[in-house]
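Below is one structure, written out as structure tokens, with a few remarks after it.
Each residue takes its place number in the sequence, starting with 1. Below, each value reflects all heavy atoms present in this structure, side chains not excepted, and no hydrogens, waters or symmetry copies.
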Amino acid sequence: MSIFNTILNKLGLGKKDEAPKASTPAATPAERTPIRTGIGAKKEAMDMVDVVAKIDGMAKDFPAELNWKESIVDLLKLLDIDSSFENRKELAVELGVPSEYLEDSAKMNVWLHKAVMKKISENGGTVPASLLD
């Protein structure tokens with residue numbers, strides 16, 4: 001499984017064939033949004049997850065205070081995903097990082113955090129605009 005798919009699963013946004021662990025609550029019917037294409041057509045409902053609420057809930061139980069809204073390292077720690085440079089670099093490559101950012105870990109980390117938030121929003125996560133800029 002890719003690192004990004006692991007992130008989605010930890011947030012309860014994983015694909016049905018890549019079911020999240022039992023500790024991740026399923027979305028309620030009120031959190032499902034029907035997708036319409038064409039006149040009146042419906043596709044399978046997409047689970048919507050309030051990413052801030054979900055991660056803030058995880059942060060309450062974490063033994064240290066983390067700045068996950070700005071730090072990709074802190075975000076990965078909260079999700080219990082390896083936050084090593086090698087893993088972050090692999091995730092960045094998976095998400096299409098510009099090659100020049102791979103030479104500067106600070107630039108890569110900033111780019112990676114924004115890319116992860118954007119991809120989460122594209123996969124059914126509700127992410128505030130302030131985390132997408």
Side-chain angles (χ1 to χ4, degrees):
M1 178 183 316
S2 74
I3 298 169
F4 184 71
N5 281 338
T6 301
I7 291 170
L8 291 179
N9 282 336
K10 298 274 185 165
L11 294 173
L13 292 165
K15 293 180 183 176
K16 300 301 180 220
D17 60 333
E18 295 175 346
K21 293 182 182 175
S23 63
T24 305
T28 63
E31 294 171 315
R32 296 181 190 273
T33 304
I35 300 171
R36 298 188 181 275
T37 57
I39 299 174
K42 274 188 174 177
K43 284 191 174 183
E44 184 178 332
M46 177 185 285
D47 290 346
M48 299 299 290
V49 173
D50 181 343
V51 174
V52 173
K54 178 89 173 183
I55 299 174
D56 278 345
M58 294 173 168
K60 287 180 186 176
D61 298 329
F62 203 80
E65 188 172 326
L66 298 175
N67 185 13
W68 70 266
K69 290 179 182 176
E70 294 180 10
S71 168
I72 189 66
V73 172
D74 288 358
L75 175 62
L76 293 173
K77 284 180 182 181
L78 273 175
L79 296 174
D80 195 27
I81 297 172
D82 177 12
S83 63
S84 68
F85 175 74
E86 293 79 20
N87 207 48
R88 285 181 280 124
K89 187 173 182 178
E90 184 179 336
L91 176 58
V93 169
E94 180 183 333
L95 297 180
V97 67
S99 59
E100 64 269 15
Y101 289 2
L102 293 174
E103 303 301 319
D104 184 332
S105 64
K107 284 183 181 179
M108 182 190 76
N109 286 343
V110 171
W111 180 90
L112 183 55
H113 190 275
K114 291 180 188 306
V116 166
M117 289 294 136
K118 181 177 182 212
K119 293 293 273 182
I120 288 170
S121 74
E122 291 171 359
N123 283 276
T126 53
V127 179
S130 62
L131 295 178
L132 298 173
D133 296 335

Inset, instruction - Would you check if the side chain of Glu94 reaches a backbone N or O of Phe4 as a donor-acceptor pair within less than 3.5 Å? - result: yes
Inset, instruction - Hey, could you give me the NZ/CG distance between Lys118 and Leu131, rounded to the nearest 0.5 Å? - result: 14.5 Å
Inset, instruction - Answer yes or no: is there a donor N or O on one side and an acceptor on the other, between the side chain of Asp82 and the main chain of Asn87, under 3.5 Å? - result: no
Inset, instruction - Measure from the side-chain N and O atoms of Ser121 to the backbone N and O of Thr126, and report whether any donor-acceptor pair falls under 3.5 Å. - result: no
Legend entry - N/O donor-acceptor pair under 3.5 Å between Glu90 side chain and Ile3 backbone: no
Inset, instruction - Verify the neighbour count for atom CD of Glu100: are there more than 12 heavy atoms of other residues, nucleotides or ligands below 6.0 Å? - result: yes
Inset, instruction - Start with the C-alpha distance between Lys77 and Phe62, add both sets of side-chain angles, then the distance that settles side-chain contact (heavy atoms from CB on, under 4.5 Å), and finish with yes or no. - result: CA-CA 9 Å; Lys77 284 180 182 181; Phe62 203 80; 4.2 Å; yes
Inset, instruction - Taking all heavy atoms of Leu11 and all of Val49, pick out the closest pair and write down the distance. - result: O-CG1, 3.5 Å
Legend entry - Closest heavy-atom pair and its distance - Arg88, Leu112: O-CD2, 3.5 Å
Inset, instruction - Determine the minimum heavy-atom distance between Lys54 and Lys10, stating which atoms define it. - result: CE-O, 3.7 Å
Legend entry - Expected output: side-chain His113 to main-chain Val73 donor-acceptor under 3.5 Å: no
Inset, instruction - Drop me the distance from Leu75's CG to Ile120's CD1, to the nearest 0.5 angstrom. - result: 6.0 Å
Legend entry - ILVMFWY network linking Val110 to Leu95, side-chain heavy atoms under 4.5 angstrom: no
Legend entry - Student check: side-chain heavy atoms of Leu91 and Val97 closer than 4.5 Å: no
Legend entry - Lys107 NZ to Asn109 CG distance, which is reported to the nearest 0.5 Å: 13.0 Å
Inset, instruction - Kindly compute the distance separating CG (Leu8) from OG (Ser2), expressed to the nearest 0.5 Å. - result: 7.5 Å
Legend entry - Joint hydrophobic cluster, Ile81 plus Val93, side-chain heavy atoms closer than 4.5 Å: yes
Inset, instruction - Mind listing the closest non-hydrogen atom pair of Asn123 and Lys119 along with its distance? - result: ND2-O, 2.7 Å
Inset, instruction - Might you point out which heavy atoms bring Ser105 and Phe85 nearest each other, and give the distance in Å? - result: CB-CE1, 3.7 Å
Legend entry - Heavy-atom pair with the smallest gap, counting every atom of Val51 and Gly125: CG2-CA, 3.7 Å
Legend entry - Nearest-0.5 Å distance, CG of residue Leu132 to CE of residue Met117: 8.5 Å
